[in-house]
**Q** 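Take a look at this one; I'll ask things after.
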Amino acid sequence: MKKAKSISAITLLLSIIFLCGCSNITNILNKNNSAHYEITSISKNAEYYSSIDISEDNILFLTYKGTEDYLLSVYNAEKNKVTAQTNLSDCGLDNVTEAVFGNENEIIVYDNIDEKAIAYDLCLNKKGDADYVSDLNIEDAPKSELLTKEFDFRNGYAVSQTENKTICVFYDEPGKFYISNSGNSDFIDEYDKKVLKLNYTENDREIIISVDDYKNGVSSNTLKFNGLNKLSVNIQFGKISDKYAVFVLTNTNVQTDGAVSIPYIWKYNDDSMNNQLDLSVKTKEDFNKDNENIIKEINDTYAIKVNIDEVIEDYWVNETEYGINALQLNSILSDINTYLALFPDGFVNEIYSYDKNNDGIKFDIVKRIEGISAYAVDFNEDMMIVFGYHDFCKGVFFHEFMHLIDNRISDFYTENYHSDFYGEWCSLNPNDFEYIDDEYRNIDSEDYNEYFISNYATSDMVEDTADTFRYLCENADSDDKENISNNVGKKIELLCKAIRSAYPSAANEKELYWEKALNK
């Protein structure tokens, strides 16, 4: 926006699918590992898994087959056999939803709908009613003041993940943040700072399962299921203990709409390579220091002054929320610094240095801005962008930054070409088109989709250029080249040419970052 109002983790429950008929998953398992195997005594008598749990050598399965009732099974990993099994048709619960190991050798079967519970012993003899206790006592767990809404809270930890890194906080150490640079992973379960982790390869043809030991900073050897299709194969449930990792892998047959779900057990300690984790541990003080360093780097490199939670006299936004914490600030500062580095050397300085009345750019960072993600200001010799953390993303940054870039373009066209850049831009629109400020058109249902990159681009010509630039930067690193119309292509060509013309630092660059989207 410009000069005005601007604009988890793994799924643990799959749909119930019956009907077999697809290939046995065992056939596509990498058999180089000897410490894991299919639990055939369970898999042959189950089609749908409702929950699993582990206690010492015992593994608990709540399963369902066809039209039969739920079956509760205790499997002993050391003996490699089912030691107890019972049908839950007469358990006294209307809705059987979960079964877990309780305290003192008890098994608790839950009805999470009616909030009831039944207790059994390890031989699955019914003991009677049990106290209903929510299985996720998250609100009672200690939390660091840095935790944000981006964290997915689990029984013993909270985790936040991006493409590049994973941040994990354990409830018994709420002041420490474990940061791993291996992103794009799903954390399935945790035991004593050991995390059962799932990862898909880039081509989605392998499922990789590992145990990351955050306490000791090592990762166990991995299991690989290869030759897969991510759309049809997934991990339905997973549990970890000090000795075992147990997970249910489901393979859906798209031809028969059926599925096979097979439980595997992995004694990961017997098959461990103890590879070092790419891991760091930080506290609140570490983040504060890191934030100070990033702010200094942005100022020293680009002469951009960064203000945090500064009270802003705001003419366009009704409410601004302050109180951004150190972790939130670290996330947005790191991204901003990364995005600024994508411009040629000297480019950012050229945005304002040609104007003797302008002394630089300011970034104001707050927790949230009501109704919008960010906005840019560039009048009265001020160049400023206000970013709200909660809605910040790559597209928001480049959209708003384009509002500062375009000033030099406009002045350059006037002084050197004796023409109006935005006049040229508007000449590429349909003859009958007019921008209507703050009113978006649905370009998919009108005749304008050949001319605009987005609905919002139809609201104003400066928003049109900014959203076009956003599109280019968002797609610069994409593997797929999106099809764009010839008319949008003309706008892109004009914009890229204008930036190279107005900015000396960009003129002789072989390829600018935003031009990568055009050359795939």
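Side-chain atoms are counted along with the backbone in the values below, which use heavy atoms only and exclude waters and symmetry mates.
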**Q** Out of curiosity, Ile308 CD1 to Tyr322 OH, how far, rounded to the nearest 0.5 Å?
**A**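 Ile308 atom CD1 to Tyr322 atom OH measures 12.5 Å (nearest 0.5 Å).
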
**Q** Stepwise, does the side chain to side chain donor-acceptor pair (under 3.5 Å) test hold for Tyr132 with Asn112?
**A** CA-CA 9 Å; Tyr132 179 84; Asn112 291 322; 2.9 Å; yes

**Q** Are Lys267 and Tyr244 in a cation-pi contact, defined as NZ or CZ under 6.0 Å from the six-membered ring centre and within 45° of the axis?
**A**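 Cation-pi check for Lys267 and Tyr244: fails.
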
**Q** So, Gln85 versus Ser73: side-chain donor-acceptor pair below 3.5 Å or not?
**A**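 Indeed, the side chains of Gln85 and Ser73 share at least one donor-acceptor pair under 3.5 Å.
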
**Q** Between Val195 and Ile240, which heavy-atom pair has the shortest distance, and what is it?
**A**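 Minimum heavy-atom contact is C-CD1, 4.3 Å.
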
**Q** Suppose we call two aromatic rings close when their centres sit under 6.0 Å apart. Are Tyr49 and Phe237 close by that rule?
**A**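 No.
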
**Q** Please determine, by modelled atom types, if Asp212 and Ser219 share a side-chain donor-acceptor pair under 3.5 angstrom.
**A**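 Note: Asp212 and Ser219 side chains meet the donor-acceptor criterion.
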
**Q** Tyr70 versus Thr86: any side-chain heavy-atom pair under 4.5 Å?
**A**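 Result no, sub-4.5 Å side-chain heavy-atom pair not found.
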
**Q** Nearest heavy-atom pair of Leu472 and Trp514: which atoms, and what distance?
**A**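 Shortest heavy-atom contact: CB-O, 3.5 Å.
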
**Q** Output, in order, the C-alpha distance, side-chain angles, deciding distance and verdict of side chain to side chain donor-acceptor pair (under 3.5 Å) for Asp69 and Tyr64.
**A** CA-CA 6 Å; Asp69 295 302; Tyr64 188 92; over 6 Å; no

**Q** Report the distance from atom CD1 of Ile262 to atom CZ of Phe247, rounding to the nearest 0.5 Å.
**A**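 Answer rounded to 0.5 Å: 11.0 Å.
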
**Q** In Å and rounded to the nearest 0.5 Å, what is the CD1 to NZ distance from Ile107 to Lys127?
**A**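 It is 10.0 Å, given to the nearest 0.5 Å.
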
**Q** Is there a salt bridge (charged side-chain N to carboxylate O under 4.0 Å, His left out) between Asp192 and Lys215 once you walk through the steps?
**A** CA-CA 8 Å; Asp192 193 26; Lys215 181 185 290 184; 3.2 Å; yes

**Q** Would you say the ring centroid of Tyr214 lies under 6.0 angstrom from that of Tyr157?
**A**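 Not under 6.0 Å, so no.
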
**Q** Could you go through Asp335 and Lys394, starting from their C-alpha distance and side-chain angles, then the distance that decides it, and tell me whether this counts as salt bridge (charged side-chain N to carboxylate O under 4.0 Å, His left out)?
**A** CA-CA 8 Å; Asp335 286 345; Lys394 184 178 183 179; over 6 Å; no

**Q** As an exercise, state the distance from CG of Asn299 to CD1 of Ile304, rounded to the nearest 0.5 Å.
**A**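 Here the interatomic distance stands at 8.5 Å.
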
**Q** Can any side-chain N or O of Ser50 pair as donor or acceptor with the backbone N or O of Glu98 at less than 3.5 Å?
**A**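 Flag not set: sc Ser50 to bb Glu98 has no pair under 3.5 Å.
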
**Q** Please check if any side-chain donor atom of Thr40 sits under 3.5 Å from a side-chain acceptor atom of Glu38, or the reverse.
**A**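 Short answer, no.
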
**Q** Donor-acceptor pair, distance only, cut-off 3.5 Å: does the side chain of Asp114 make one with the backbone of Leu93?
**A**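 It does not hold such a pair.
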
**Q** Please check if the number of heavy atoms outside Asn95 that lie under 6.0 Å from its CG is greater than 12.
**A**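 Yes.
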
**Q** Does Asn325 reach the main-chain N or O of Gln328 with its side chain, forming a donor-acceptor pair under 3.5 Å?
**A**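 Here the side-chain-to-backbone pair exists.
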
**Q** Have a look at Leu60 and tell me which of Ile54, Val246, Val109, Leu72 forms a side chain to side chain contact (heavy atoms under 4.5 Å, CB included) with it.
**A**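 With Leu60 as partner, Ile54, Val246, Val109, Leu72 yield a single side chain to side chain contact (heavy atoms under 4.5 Å, CB included), made by Leu72.
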
**Q** Look at Lys282 together with Asp290 and state whether they make a salt bridge at an N to O cut-off of under 4.0 Å.
**A**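 Yes.
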
**Q** Is there a donor-acceptor contact under 3.5 Å from the side chain of Thr97 to the main chain of Tyr110?
**A**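 Yes.
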
**Q** Could you give the distance from CD1 (Ile294) to CD (Glu292), rounded to the nearest 0.5 Å?
**A**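 CD of Glu292 is found 11.0 Å from CD1 of Ile294.
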
**Q** Tell me, yes or no, whether the heavy-atom count around Lys367 atom NZ, taken from other residues, nucleotides or ligands under 6.0 Å, exceeds 12.
**A**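 Atom NZ in Lys367 is crowded, with more than 12 foreign heavy atoms closer than 6.0 Å.
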
**Q** Leu340 versus Val348: any side-chain heavy-atom pair under 4.5 Å?
**A**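 Yes, side chains in contact.
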
**Q** Can you confirm whether the side chains of Thr250 and Ser261 place a donor and an acceptor under 3.5 Å from each other?
**A**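 Yes, side-chain donor-acceptor contact under 3.5 Å.
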
**Q** Between Thr222 (side chain only) and Ile208 (backbone N and O only), is there a donor and an acceptor less than 3.5 Å apart?
**A**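 Side chain of Thr222 to backbone of Ile208, a donor-acceptor pair under 3.5 Å: no, none is there.
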
**Q** Any side-chain donor-acceptor pair under 3.5 Å between Asn216 and Asp213?
**A**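 Yes, a side-chain donor-acceptor pair sits under 3.5 Å.
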
**Q** Using the rule salt bridge (charged side-chain N to carboxylate O under 4.0 Å, His left out), only one of Lys79, Lys243, Lys81 pairs with Asp57; which is it?
**A**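 For Asp57, the salt bridge (charged side-chain N to carboxylate O under 4.0 Å, His left out) test succeeds with only one of Lys79, Lys243, Lys81, which is Lys243.
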
**Q** Decide if the gap between the ring center of Phe343 and the ring center of Phe401 is smaller than 6.0 angstrom.
**A**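 Aromatic pair counts; centres sit under 6.0 Å.
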
**Q** How long is the straight-line distance from CG of Asp186 back to CD1 of Ile209, given to the nearest 0.5 Å?
**A**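 So the gap between those two atoms works out to 11.0 Å.
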
**Q** Return yes if some donor-acceptor pair links the side-chain N/O of Asp309 with the main-chain N/O of Gly323 below 3.5 Å, else return no.
**A**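 Flag set: sc Asp309 to bb Gly323 pair under 3.5 Å.
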
**Q** Sort out for me which residue in Ile365, Asn291, Asn337, Leu329 forms a side chain to side chain contact (heavy atoms under 4.5 Å, CB included) with Val306.
**A**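 Checked Ile365, Asn291, Asn337, Leu329 against Val306; only one passes side chain to side chain contact (heavy atoms under 4.5 Å, CB included): Ile365.
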
**Q** What closest approach, in Å, do Gly395 and Glu474 show between heavy atoms, and which atom pair accounts for it?
**A**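 So the two residues come closest at CA-OE2, 3.3 Å.
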
**Q** Just to verify, which of Tyr302, Phe387, Tyr375, Tyr339 counts as forming a ring-ring contact (aromatic ring centres under 6.0 Å, His included) with Phe363?
**A**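 Option passing the ring-ring contact (aromatic ring centres under 6.0 Å, His included) with Phe363: Phe387.
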
**Q** Where do Ala130 and Ile108 come nearest, in terms of heavy atoms and distance?
**A**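 Of all heavy-atom pairs spanning Ala130 and Ile108, the closest is CB-CD1, 4.0 Å.
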
**Q** Would you say the side-chain atoms of Ser454 and Asp467 include a donor-acceptor pair closer than 3.5 Å?
**A**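 Yes, Asp467 and Ser454 have a side-chain donor paired with an acceptor closer than 3.5 Å.
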
**Q** Thinking salt bridges, do Lys284 and Asp286 make one under a 4.0 Å N-O criterion?
**A**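 No, no charged N to carboxylate O under 4.0 Å.
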
**Q** Is the backbone of Ser160 close enough, under 3.5 Å, to the side chain of Glu150 for a donor and an acceptor to pair up by distance?
**A**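 Here the side-chain-to-backbone pair does not exist.
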
**Q** Looking at Val281, Thr283, Ile167, which one forms a side chain to side chain contact (heavy atoms under 4.5 Å, CB included) with Phe177?
**A**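 The option that passes is Ile167.
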
**Q** Taking CD in Glu321 as the centre, count heavy atoms belonging to other residues, nucleotides or ligands within less than 6.0 Å. Is the count above 12?
**A**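 Check passes, neighbour count above 12.
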
**Q** Please say whether the positively charged group of Lys197, taken as NZ for Lys or CZ for Arg, lies over the ring of Phe187, i.e. under 6.0 angstrom from the six-membered ring centre and within 45 degrees of the axis.
**A**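 No.
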
**Q** Considering residues, nucleotides and ligands other than Lys176, do more than 12 of their heavy atoms fall under 6.0 Å from its NZ?
**A**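 Open: at most 12 neighbouring heavy atoms sit under 6.0 Å from NZ of Lys176.
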
